[in-house]
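To start, the structure itself, in structure tokens.
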2 protein chains.
Amino acid sequence: MCTFFGGDAAHPLGLAIAMATQRRRNGKGIGKGIGKANPAEDEAVYQAILHALLEGKLKAGVKLAEPPLADIFGVSRERIRKVLHRLGAERRLEMIPNRGARVPRPTLDDVRSVYEAHRVLEAGVLTQLVRLVDEALIEKLTAHLAEERAAATRGDRAASVRLSGAFHVHLVEALGNAELTRFLADLLSRSSVMVSVYEPATDSICAVDEHGAIVEALRARDVARAIAVSREHFLHVESRLHLDDDPAPASEDLTSVFGAMKPKRRKR
Amino acid sequence: MCTFFGGDAAHPLGLAIAMATQRRRNGKGIGKGIGKANPAEDEAVYQAILHALLEGKLKAGVKLAEPPLADIFGVSRERIRKVLHRLGAERRLEMIPNRGARVPRPTLDDVRSVYEAHRVLEAGVLTQLVRLVDEALIEKLTAHLAEERAAATRGDRAASVRLSGAFHVHLVEALGNAELTRFLADLLSRSSVMVSVYEPATDSICAVDEHGAIVEALRARDVARAIAVSREHFLHVESRLHLDDDPAPASEDLTSVFGAMKPKRRKR
DNA sequence: TGATTTAAAAATGTGCACATTTGGCATGGC
DNA sequence: GCCATGCCAAATGTGCACATTTTTAAATCA
């Protein structure tokens with residue numbers, strides 16, 4: 001059932017390969033010449049790893065060593081190092097001193113914690129939203145519901161998952177508060193990593209009706225009902241969480257994960 | 001009125017100076033000798049700068065250049081650099097490419113956004129809390145109220161400010177959700193920086209009664225009332241926000257801010 | 001054979017030497 | 001007198017050469 005996934009738009013992978021190819025080859029000989037200023041390069045590597053993480057291509061527990069990544073992306077090791085530490089600061093990677101970076105292996109409690117946080121947050125959001133709700137918002141949400149339903153009947157599971165998460169994003173964004181929006185995005189990105197372990201997205205769509213009930217309560221400006229429905233919705237999702245029995249050895253081969261990008265040179 | 005300030009306990013400044021003094025002096029001559037592994041050193045510098053930020057010693061807009069900081073703390077520039085970038089990733093410092101780090105200068109809207117986020121979050125927290133509230137929690141909160149009142153009558157403004165923030169921390173912590181607790185801590189730390197610009201803490205205590213009303217509503221398990229009171233409380237605070245007319249040139253002298261710590265050697 | 005020790009290889013962490021960029025200041029032109 | 005331009009000092013960014021630590025493998029011993 002509904003695994004919430006943040007709605008990222010552009011896929012900067014193409015950008016990554018473009019920048020990787022255009023790297024200069026400097027004679028490594030005597031020439032001490034160095035400092036190259038390319039801020040886009042950092043960003044491209046960052047986005048590539050982040051996307052691999054969000055798309056679940058990087059399985060939980062996988063080690064992200066610096067040398068192979070530097071080789072794959074065709075950049076210096078410190079470049080990789082900086083990105084890895086940044087992802088660690090954002091709590092998207094687990095950094096252990098002297099032992100490198102790993103994709104976090106969340107416990108079941110961690111997952112529950114994230115879902116509960118989302119549930120509590122949305123209760124607050126709805127409380128505030130009933131004060132601001134207008135026809136335009138209702139229409140927007142209704143249109144979104146139609147999209148969800150369409151994807152569901154069409155059997156497009158990927159779209160269903162995406163739209164299901166987007167619904168909740170629409171709710172917070174309606175408040176127009178950057179802090180709250182960021183917080184939700186944080187929760188969603190974290191939950192997306194968990195999918196690979198506790199895949200709650202086994203059976204198909206079930207959320208559309210519940211989402212519709214929330215919109216209905218909003219239209220009626222019935223705070224209590226909106227919160228109650230939202231709560232039930234989340235508890236419903238949480239109850240479906242289960243440990244994936246077959247941990248799936250998790251392909252340790254980073255090259256296959258980032259294989260799409262063409263580095264200066266591969267392994268040799 | 002009540003400026004919320006996260007309840008930090010230990011003051012790792014002593015630690016910082018201790019580590020600064022015990023730094024080795026290596027002959028800077030030919031000896032290429034290098035790599036020293038001291039994880040506590042990073043942490044000490046990080047905590048020192050963070051605390052200066054949270055305590056408002058670093059005024060908004062101040063430039064945090066690497067060389068002087070490296071000199072003050074007696075560590076290498078890259079050490080400082082790493083810490084600065086980390087603080088930037090946490091959005092506590094404003095990082096501009098090729099132009100270094102500055103203490104952020106939040107707009108009035110930024111401040112309002114933070115307070116609004118706290119307000120919305122607390123609405124959600126209270127919604128969940130009325131389901132879990134028990135005698136133990138009520139007693140704990142009541143005891144806290146007594147502390148607040150004591151500090152107020154005693155005229156201890158610093159304690160009042162600290163306890164006022166701690167009250168809201170107690171509320172989220174009661175849920176036992178790490179994500180939510182972290183989010184609140186984030187909001188509080190951000191608002192503390194804003195105090196230096198829009199000091200909302202001009203007049204003394206006013207929150208104790210409002211805090212008491214929240215506890216009262218919790219005891220009665222009256223969600224609507226709890227949220228309403230909380231909301232009023234926050235709006236009350238927000239309404240007192242005002243732009244500080246006299247921006248106070250902001251002592252650009254970093255040495256005076258971090259003067260407490262004894263480096264290997266000062267300016268010379 | 002299995003567990004322990006030891007040595008080699010790989011990976012992480014850090015200071016340093018640069019290159020690049022920015023900011024300030026003086027000089028010169030209008 | 002004021003703005004534009006060029007130059008110089010300072011600050012930021014980055015690759016590299018190490019040291020340190022961890023991990024892997026081999027070798028030794030019980």
Side-chain angles (χ1 to χ4, degrees), chain A residues 19-20 23-46 61-89 93-102 252 254 264 267-268, chain B residues 19 23-46 61-89 93-102 252 254 263-264 267-268:
Chain A
M19 79 73 192
R23 280 205 62 85
R24 86 287 159 187
R25 68 285 287 160
N26 57 352
K28 79 172 182 74
I30 300 92
K32 310 291 271 183
I34 320 286
K36 203 58 171 284
N38 196 342
E41 210 164 75
D42 286 59
E43 193 60 21
V45 174
Y46 171 80
V62 169
K63 170 82 181 291
L64 290 177
E66 299 169 8
L69 287 174
D71 195 33
I72 289 175
F73 287 98
V75 302
S76 71
R77 190 167 68 86
E78 356 286 297
R79 205 63 78 97
I80 297 291
R81 154 173 284 270
K82 191 165 65 169
V83 170
L84 252 37
H85 277 270
R86 177 178 166 191
L87 287 166
L93 287 181
E94 190 177 346
M95 303 294 299
I96 308 174
N98 290 323
R99 298 186 48 177
R102 306 192 86 94
E252 296 282 347
L254 294 177
K264 188 168 58 177
K267 196 63 169 298
R268 185 171 64 88
Chain B
M19 79 74 194
R23 279 204 62 84
R24 84 291 160 187
R25 67 286 288 160
N26 57 351
K28 78 171 183 74
I30 300 93
K32 311 289 272 183
I34 321 291
K36 202 59 171 284
N38 196 342
E41 210 165 75
D42 287 58
E43 194 59 21
V45 173
Y46 172 79
V62 169
K63 171 82 180 292
L64 290 178
E66 299 170 7
L69 286 175
D71 194 33
I72 289 175
F73 287 97
V75 301
S76 73
R77 190 167 67 88
E78 354 285 296
R79 204 65 76 98
I80 297 292
R81 155 173 283 269
K82 191 163 68 170
V83 170
L84 252 38
H85 278 269
R86 177 177 166 194
L87 287 166
L93 287 181
E94 191 176 346
M95 302 295 299
I96 307 173
N98 290 322
R99 297 186 47 178
R102 304 192 87 92
E252 294 283 347
L254 294 178
K264 189 168 59 177
K267 199 60 170 302
R268 184 173 65 89

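Just so we're on the same page: letters track the sequence lines, and every chain starts at 1.
Interatomic distance, A/R102 CZ to A/L64 CG, rounded to the nearest 0.5 Å: 9.0 Å. Between the NE2 atom in A/H85 and the CD atom in A/E66 there is a gap of 6.0 Å [rounded to 0.5 Å].
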Anything under 3.5 Å between a protein N or O and an N or O of nucleotides 7-12 of chain D, put it in a table, one pair a line.
unit_1 : atom_1 : unit_2 : atom_2 : d
D/dT12 : OP2    : B/E66  : N      : 3.1

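In this structure, the side chains of B/L69 and B/V83 stay at 4.5 Å or more apart for every pair of heavy atoms.
The distance from atom CG of A/L69 to atom P of C/dA10 is 17 Å, rounded to the nearest whole Å. Across the protein-nucleic acid pair, A/I80 atom CD1 and C/dA10 atom P stand 19 Å apart, rounded to whole Å.
Between the side chain of A/R77 and the backbone N or O of A/P67, no donor-acceptor pair lies under 3.5 Å.
Exactly one of B/R86, B/R79, B/R81 qualifies for a salt bridge (charged side-chain N to carboxylate O under 4.0 Å, His left out) with B/D42. That residue is B/R79.
Distances shorter than 4.0 Å separate none of the side-chain N or O atoms of A/K82 from OP1 or OP2 on D/dG13.
In this structure, B/E94 has no side chain to side chain donor-acceptor pair (under 3.5 Å) partners at least two apart in sequence or on a different chain.
Of the candidate nucleotides C/dG15, C/dG13, D/dG15, D/dG15 has the atom lying nearest to any side-chain atom of A/S76.
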